[in-house]
Amino acid sequence: MGLLNFLKSTILSKVVMASTGVLLVLFIIGHTVGNLQIYLGSETFNHYAHFLQGLGELLWIIRIVLFLSLVLHVITAIRLFALNSGAKPVKYKIKKYVRAKLTARTMIWTGLMIFAFLVYHLLHFTTGTIHPENYGHEEYYESNIEYYQAEAEGDIEFMDAKYKHVEDGKVLLERHNAYYMVIKGFQDPISSILYIIGVVLLGFHLSHAIQSCFQTLGIHGPKFTPWMIRLSNALSFIIVVLLISIPITILLGLVGGCL
């Protein structure tokens, strides 16, 4: 009840939605940059994925912050949509949208579809619930034994469980083969098509969401707003192109064709 009371103010709800939106946009940008490392090969991509997993408690803090941001974003979006709909209980026979673009009028619906896509995406690549045959594959990579011993902090049981053998001061360590999982996942046409649709919806949503964030936070004006609109449209377009290029190049066999 405390949370709902906190969000009763329309202005406060807009600020919460804008603030959480900024965090989510920053995550999307970082996520896009990270995913593009798949073009650098399995070694680089798996190193990146292993680095994220190695963050340990920090990774969980990031996940919790993102999860809370998403929950607050969805709650405030639904609340504001309900308030706006309730403000006009009598529907007009003829609707005239003066300045409201299609992206603005469909924000709630694209947002809900993106949420459904996010659930599917997590079940696919995070939990391995969808296509479990592609999940859980491991690979060995070479590392310096001194560095590994320092990382393990003398935990012999940990060391025995993680390395394969030592030779000439080197050790073969085990890590999740995220590259294999992504390649195999996107080699399935249905998974790739669903991902592409989800990303296009995301771009559609972002093009207006970024503009709204700036306006809600008070960053707008006659000179700034046109540039802000161009920036949000350009950023959304770039994110969509970069993300959908991954399943497309994999389907065409240009990336990971040997798997």
Side-chain angles (χ1 to χ4, degrees), residues 2-37 48-49 51-83 103-104 106-127 195 198-220 224-225 227-244 246:
L3 177 61
L4 292 177
N5 290 331
F6 177 75
L7 295 174
K8 277 186 176 180
S9 168
T10 302
I11 296 176
L12 187 56
S13 293
K14 289 182 178 181
V15 172
V16 170
M17 188 166 69
S19 302
T20 54
V22 169
L23 289 176
L24 293 172
V25 170
L26 290 176
F27 167 74
I28 291 170
I29 293 173
H31 187 63
T32 301
V33 173
N35 284 354
L36 290 176
Q37 295 188 56
Y48 162 70
F51 167 76
L52 291 180
Q53 291 299 321
L55 293 176
E57 294 179 356
L58 178 59
L59 178 61
W60 276 106
I61 292 174
I62 295 173
R63 284 172 172 171
I64 291 172
V65 170
L66 288 172
F67 176 75
L68 291 176
S69 297
L70 180 62
V71 170
L72 287 172
H73 195 76
V74 172
I75 290 175
T76 51
I78 294 175
R79 172 174 167 74
L80 290 171
F81 176 77
L83 289 174
T103 52
T106 59
M107 285 293 287
I108 186 66
W109 307 116
T110 56
L112 292 174
M113 287 186 284
I114 290 168
F115 182 79
F117 162 69
L118 177 61
V119 172
Y120 171 83
H121 190 58
L122 290 173
L123 291 174
H124 191 184
F125 289 119
T126 301
T127 66
Y195 181 84
V199 170
V200 171
L201 287 172
L202 176 63
F204 198 70
H205 189 83
L206 284 178
S207 64
H208 180 74
I210 297 174
Q211 301 172 32
S212 296
C213 284
F214 280 111
Q215 292 175 353
T216 301
L217 296 175
I219 307 174
H220 57 83
F224 179 79
T225 298
W227 285 100
M228 175 266 296
I229 294 174
R230 295 189 190 99
L231 174 64
S232 60
N233 289 336
L235 180 60
S236 302
F237 178 77
I238 291 171
I239 288 175
V240 169
V241 170
L242 291 177
L243 286 178
I244 68 173
I246 297 174

Validation row: [X], [Y] side chains within 4.5 angstrom (heavy atoms):
X    : Y    : answer
L70  : F115 : yes
W109 : L112 : yes
I29  : L235 : yes
L52  : L55  : yes
T110 : H208 : no
L231 : I210 : no
Y195 : V199 : yes

Residue that, paired with I28, satisfies side chain to side chain contact (heavy atoms under 4.5 Å, CB included) out of I239, L23, V33: I239
From [atom1] ([X]) to [atom2] ([Y]), nearest 0.5 Å:
X    : Y    : atom1 : atom2 : answer
I244 : L202 : CD1   : CG    : 11.5 Å
M113 : H205 : CE    : NE2   : 10.0 Å
L72  : L24  : CG    : CG    : 10.0 Å
I246 : N35  : CD1   : CG    : 5.0 Å

Exercise: identify the closest heavy-atom pair between Q211 and N233: NE2-OD1, 3.6 Å
Would a distance-only check, ignoring hydrogens and angles, find a side-chain to backbone donor-acceptor pair under 3.5 Å from [X] to [Y]?
X    : Y    : answer
S69  : T20  : no
T126 : L123 : no
S207 : F204 : yes

Aromatic ring pairing H31/F27, orientation class (parallel under 30°, perpendicular over 60°, tilted between): parallel
